[in-house]
Amino acid sequence: MKVRIEEGCIACGACESFCSDVFKVEDVAVVDESKISGNEDCIKEAADSCPVSVIQIEE
């Protein structure tokens with residue numbers, strides 16, 4: 001699985017609240033790629049919860 005954040009992140013923190021191992025919000029959300037494996041379910045929840053739909057998942 002690959003996860004990326006497209007332009008337009010509003011740094012609301014929703015992704016971090018669903019999956020704090022993978023997502024960190026600073027000025028915008030960033031992905032810790034080393035933590036993706038084993039966190040696929042919460043990554044999908046985070047993507048679904050993103051109010052601006054900028055989390056893109058490739059399986």
Side-chain angles (χ1 to χ4, degrees):
M1 171 183 279
K2 291 185 179 186
V3 181
R4 63 183 169 84
I5 308 293
E6 292 185 334
E7 266 188 60
C9 176
I10 59 173
C12 69
C15 59
E16 191 172 27
S17 70
F18 279 94
C19 200
S20 61
D21 286 344
V22 176
F23 298 99
K24 298 292 179 227
V25 177
E26 295 163 3
D27 291 335
V28 295
V30 293
V31 176
D32 182 344
E33 294 184 16
S34 70
K35 305 266 177 100
I36 290 174
S37 181
N39 286 303
E40 293 86 355
D41 288 342
C42 73
I43 291 169
K44 290 175 184 175
E45 286 183 63
D48 289 343
S49 73
C50 180
V52 290
S53 302
V54 296
I55 301 172
Q56 299 300 312
I57 299 171
E58 294 177 29
E59 303 213 31

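Remember, it's a predicted structure, so these values are computed and weren't measured experimentally. Note: hydrogens, waters and symmetry copies are ignored here, and every other heavy atom, side chains too, is used.
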Item to complete: Report the hydrophobic cluster partners of V25, with the cluster defined as I, L, V, M, F, W, Y residues connected by side-chain heavy atoms closer than 4.5 angstrom, directly or transitively.
Response: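 Reading the cluster by chain and number, V25 sits alone, since nothing else belongs.
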
Discussion item. Using a 4.5 Å cut-off between side-chain heavy atoms of Ile, Leu, Val, Met, Phe, Trp and Tyr, which other residues end up in the same hydrophobic cluster as V31?
Written reply: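 Other cluster members: M1, V3, I5, I10, V22, F23, I36, I43, V52, V54, I55, I57.
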
Discussion item. Please give me the minimum heavy-atom distance between E6 and S53, naming the atom from each residue.
Written reply: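 What the structure gives for the nearest pair is OE1-O, 4.4 Å.
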
Worksheet item: At their closest point, which heavy atom of C42 faces which heavy atom of F18, and how far apart are they?
Response: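 For C42 versus F18, the nearest heavy atoms are CB-O, 3.5 Å.
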
Worksheet item: Rounded to the nearest 0.5 Å, how far does SG of C15 lie from NZ of K24?
Response: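 One finds 10.0 Å between NZ of K24 and SG of C15.
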
Worksheet item: NZ of K2 to CD of Q56: how many Å apart, nearest 0.5 Å?
Response: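 One gets 14.0 Å once the value is rounded to the nearest 0.5 Å.
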
Discussion item. If you apply the rule side chain to side chain contact (heavy atoms under 4.5 Å, CB included), what do you find for E40 with E59, and how did you get there?
Written reply: CA-CA 10 Å; E40 293 86 355; E59 303 213 31; over 6 Å; no

Item to complete: Report the residues that fulfil side-chain hydrogen bond (donor to acceptor under 3.5 Å, both in side chains) with D21, sequence neighbours left out, ordered by chain and then residue number.
Response: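 For D21, no residue satisfies side-chain hydrogen bond (donor to acceptor under 3.5 Å, both in side chains) once neighbours in sequence are set aside.
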
